[in-house]
Structure formats: C-alpha cells, structure tokens
K.L.:
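This is the structure I want to talk about, given as structure tokens.
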Amino acid sequence: MMSGEEEAPTPQQEPEQVTKTDEPPPAAAAAEEEEKAKPASGSGSPASAEEEKPITYRALVLTGYGGCDKIKLQVKSMKKASLKAGEVLVRVKACGLNFAELLGKQGLYELLPSPPVTLGMEGSGVIEAVAEDVTDRKVGDRVIAMNRHGMWQELAVVPANRTFPIPDGMSFEEAAALPINYMTAYMMLFEMANLRPGKSVLIHMAAGGVGIAATQLCQTVQDVTIFGTASASKHETISQGGVTHPIDYRTKDYVTEVRKISPKGVDIVLDPLGGADTQKGFGLLKPLGMLIVFGAANCVTGQKKNLLAMAKTWYNQLTLNTLKLMQTNKAISGFHLGYIRDEELFERTLVKLLELYQQGKIKPHIDSRYHFEEVADAMKRMHDRQNIGKVILLPEPKKSEEKSEEKTESNAEAAENVEKAEAAVSEKKEDAAEEVEAGKD
C-alpha cells in the first residue's frame, strides 16, 4: 500500500509486494503447504485472495507544468496490502479545489512534489480500511481527510490524524469545502490578528472560498465591520453573507472607498494578492493594526506561468524595516497553512470549526460541482474569478444520463431560440402586411 506522501503506481507499474513479518519457521513449512492444499473455508483463503487482487481507481495527475491540459485523468491500480502504521484508506466522495492547485500546475507551489503527482489537499469520504494501530477510526466512518497532495483520486491513503469525523447533517461536499478555507481564515483572524469586538477587517476576494469563510467567522464576534472587495455582480451575495461594505475593485479604488467610510483605515487586512496591493493594505492599517499576507494571486494572470507578472509582483512587493514598523505602530505577518507543523493546533482548529458548523454559525457555500472529467472547466472558473464560494470536484464518473440531460437542455434551448427567431420573423411579416394594407386604405 502506498503511503500518504507517495504516488500510486500506474497500471503498467506493479507495486511491490508487502513483506509479511510473520513467516512460519522452516519446521512448519510442510504443514503450511498441506493447509494451503485444503479447500478454502471460513475467511482465510478468500481473504488472502482478496488481498492479492489489485484494485483500480481514477486519479487526476499533474503530468507537467503548464495549462489545464497537463492534468490527466488516469486509471491507477494497487494491491490490497497492509496499511502502514497510522494510516487509513478513504473512498473519496468529494474534493475541494483551491487556488494552490492553480499555482501548483504552473510550478509556483513549493510544497507540491515535481510531476507526475496527484493533486488535491482536501476531501471527504468513507474509510475502507485502517492500520492495526489505528483505534479511533473504523471502517465505514464518514470523514474529512487532508494531505499535502493526493486527494484528487477515488481512493486515498492518508494519515489517520488528518481525518476528522463528519458531523450528522453535513454533506460530503460541505465537508470537502471546509478544511483549507476555514482553517486558513480562522488561524489568521483568531490566532494571529486576535479579532475582537468593534474591530474592522478588509477582506480581499471576499466572494472566494477564504473570503466567505472569513466573513462568516467575523460574524461570530460582535460589532465587526467588514469591507470586502469583489466584482459588482457578486455584491448582493456577499452583502447577504455579512459583508458590511462591498467594494467593486474593478471600477473603483478600494483604498479611496475605505477611507470615505473609515478615514482612519481598518484594523486588519487579509491580503491574498501580493505586489502593490500589499503596499496599499499596509497604508490602510490603523495604528496597532495588522496586515496578513497569505497569497500571491497577482502572479497568476493566465493558464501558464507569466514571468512578467511575477517580476511585476515582486518589484511592487512591500519593503520596509523594523524601524518603520516601530514608527507606524503597525504589524505585518505572513500565513501559509501548508507550513503549520503543530498537529495539536491543526486538530484543535478543525474541531472548533466543526463545532461552529453544528451551532449554525458557519456553513460552506458551494459554488459549483464538477466531475473529474471536467477539471479543466472547474479550474478555469476559479482562474477567471467567476466562483462565489467553493468549487467542488466529484470523483464519481459522470453518468451518461447527466450528459444526456445536458445535451437535451442544450437542444431545448437551441430549439427555443429558433422558435423565438421564427416568431420574430413572422411578427415582422405581419407588421409589414399591416403597413401595406394601411397604405392602401
């Protein structure tokens, strides 16, 4: 069985057999051979045969750096062998798409191993097997599962301590949407910025996964004012979700807009953009305020790596010294969930988030769902910033009925358009005829 950090072998590459440590002594060899010759009964022989039988599963593999065409849907296989200590095997039901995967396919995510590598950091599903030393998980448990990579596949081996029971009432899709976005937002707001009543927060990309998570978490604290940047078409949704002052960053200068409402600025800025926006964010801070940088979205301008955009972002990056921090009474911090090594903090945070979900205080907003076959469409939607909330990937093969329904809907829409066009032509002819008759009169 592969470990959580290893890639499953391709169908052409048979995995190594797991060596058993309980081999019988030579004296018992003959007896063992005689036992093997007996007809299979009970669970012994069938179980052994089942262990040796390879199982296949589908996986989304990054085969090289570049556009979405570098992500291939492959069929892999492995043999049912003993899990390594501390591992569980999960049948994945839903996966989360994160901006890190957009960076990863361009070679800009340093924690992702070199291709070929299976993508995906979060998912949800049902446990199908557990290692002998795992006592707090069992086969059949519905769990949230996380790993550094390898979650975009139908079967995933993950560390048991990176699985968490899914609460009653939470769907697999919601469970897959929760971990990365909400843990990022929670740790930034409460572990780093120490959000308290009466504070103000500027959330960039407020309609994205982290943006919606941060907005909901801010509402768990009294009297927090939320400024959120998003395109105008998303303002109604984010306003209903709790953003106090939505700002259209495409048509307005958000610095000016914030200053109009709050001349002194804001207490906390969550910056996933980088470059010039980091400088603007630092300038918007009130004394004793904190800027938290947790991304560099300005580097991603196309499907492939853009060296000019990267250079521009780097050139415009905020530079300062400790003396300036002292003189302005401001703080700047960086956050990267991938480098959090404190397992206790990791577990405590996710458990707290699940409690908030059960209390009805937070709820992942699912933007859209795509089957593995449609991963390019899913990534394009996020890249073009069309999503409002989480984009979910579904490992289950797309059913032919769904494809047929889409085709039927498409044909129906086309037929409707033809009918409308014919009706318009007919109407024009009738109008022309009426004009002719009027002329005769």
Side-chain angles (χ1 to χ4, degrees), residues 96 98-99 144 164 167 169-171 173-249 254 257-258 261-262 264-272 281 284-286 288-292 294-295 333 335 337 345 348-367 387-391:
N98 293 286
F99 201 83
I144 293 170
F164 303 86
M170 176 181 273
S171 68
E173 294 174 5
E174 288 180 325
L178 183 83
I180 301 296
N181 291 162
Y182 280 81
M183 290 183 74
T184 296
Y186 186 93
M187 289 187 187
M188 289 192 298
L189 289 170
F190 298 108
E191 299 289 347
M192 298 189 100
N194 191 25
L195 179 64
R196 300 187 305 280
K199 296 297 183 179
S200 54
V201 184
L202 170 60
I203 301 174
H204 285 293
M205 299 174 70
V210 175
I212 287 180
T215 299
Q216 292 181 3
L217 288 168
C218 282
Q219 293 179 87
T220 65
V221 180
Q222 291 184 347
D223 194 28
V224 172
T225 302
I226 306 171
F227 295 86
T229 64
S231 56
S233 61
K234 302 175 181 179
H235 282 192
E236 182 179 356
T237 301
I238 64 174
S239 294
Q240 292 174 352
V243 172
T244 319
H245 304 291
I247 301 171
D248 183 4
Y249 69 95
Y254 64 83
E257 296 303 308
V258 170
I261 300 166
S262 178
K264 292 182 180 180
V266 295
D267 297 295
I268 301 169
V269 175
L270 304 183
D271 174 24
L284 271 174
L285 287 179
K286 293 179 181 178
L288 305 182
M290 176 178 283
L291 165 67
I292 303 177
F294 68 103
S333 179
F335 181 83
L337 185 63
L345 171 62
R348 184 176 73 242
T349 301
L350 194 44
V351 168
K352 176 63 177 178
L353 289 169
L354 291 174
E355 289 176 0
L356 291 172
Y357 173 87
Q358 290 176 297
Q359 294 167 4
K361 294 181 179 179
I362 63 172
K363 184 178 178 63
H365 182 92
I366 307 300
D367 169 79
N387 61 300
I388 301 178
K390 194 72 172 183
V391 177

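Side chains are part of it too, since the values below use all heavy atoms of this structure and drop only hydrogens, waters and symmetry mates.
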K.L.:
Go through the structure and list residues passing side chain to side chain contact (heavy atoms under 4.5 Å, CB included) with S231, not counting sequence neighbours.
P.N.:
S233, K234, R250
K.L.:
Is there any ring pair (Phe, Tyr, Trp, His ring centres under 6.0 Å) pair reaching into residues 201-222, and which pairs are they, with sequence neighbours excluded?
P.N.:
H204-Y254
K.L.:
Can you name the nearest heavy-atom pair linking P179 to A175, along with the distance?
P.N.:
CD-O, 3.2 Å
K.L.:
For E174 and G169, work out which heavy atoms get closest and say how close.
P.N.:
OE1-O, 4.1 Å
K.L.:
Considering only heavy atoms from C-beta outward, does the side chain of P364 approach that of K390 to under 4.5 Å?
P.N.:
no
K.L.:
Only counting residues at least two apart or in another chain, list the ones meeting side chain to side chain contact (heavy atoms under 4.5 Å, CB included) with Q359.
P.N.:
E355, L356, K361
K.L.:
Please report the closest heavy-atom contact between A177 and I366, naming both atoms and the distance.
P.N.:
CB-CD1, 3.7 Å
K.L.:
About how many Å separate OG1 of T349 and CG of L354, when rounded to the nearest 0.5 Å?
P.N.:
11.0 Å
K.L.:
Kindly indicate whether the side chain of L270, heavy atoms from C-beta on, has any atom under 4.5 Å from the side chain of V210.
P.N.:
no
K.L.:
State, with a plain yes or no, whether a side-chain heavy atom of L178 is found less than 4.5 Å away from one of I362.
P.N.:
yes
K.L.:
Can you give each donor-acceptor pair under 3.5 Å made by side-chain atoms of residues 183-201, sequence neighbours left out, with the distance rounded to 0.1 Å?
P.N.:
{"unit_1": "T184", "atom_1": "OG1", "unit_2": "I180", "atom_2": "O", "d": "2.7"}
{"unit_1": "R196", "atom_1": "NH1", "unit_2": "N194", "atom_2": "O", "d": "3.3"}
{"unit_1": "S200", "atom_1": "OG", "unit_2": "D267", "atom_2": "N", "d": "3.1"}
{"unit_1": "S200", "atom_1": "OG", "unit_2": "D267", "atom_2": "OD2", "d": "3.1"}

K.L.:
What pair of heavy atoms forms the shortest contact from P167 to Q358, and how long is it?
P.N.:
CB-NE2, 3.6 Å
K.L.:
With no hydrogens and no angle check, is any side-chain donor or acceptor of Y182 less than 3.5 Å from a backbone partner on K363?
P.N.:
yes
K.L.:
Please report, to 0.1 Å, the donor-acceptor pairs under 3.5 Å made by any side chain of residues 218-227, with sequence neighbours excluded.
P.N.:
{"unit_1": "Q219", "atom_1": "NE2", "unit_2": "T215", "atom_2": "O", "d": "3.4"}
{"unit_1": "Q219", "atom_1": "NE2", "unit_2": "G241", "atom_2": "O", "d": "2.6"}
{"unit_1": "T220", "atom_1": "OG1", "unit_2": "L217", "atom_2": "O", "d": "2.5"}

K.L.:
For P246, give me all partners under side chain to side chain contact (heavy atoms under 4.5 Å, CB included), at least two apart in sequence or on another chain.
P.N.:
H235, I238, S239, V243
K.L.:
Is the shortest heavy-atom distance from the side chain of L202 to the side chain of D271 under 4.5 Å?
P.N.:
no
K.L.:
Give a yes or no on whether the backbone of I388 and the side-chain of D367 come within a donor-acceptor separation of less than 3.5 Å.
P.N.:
yes
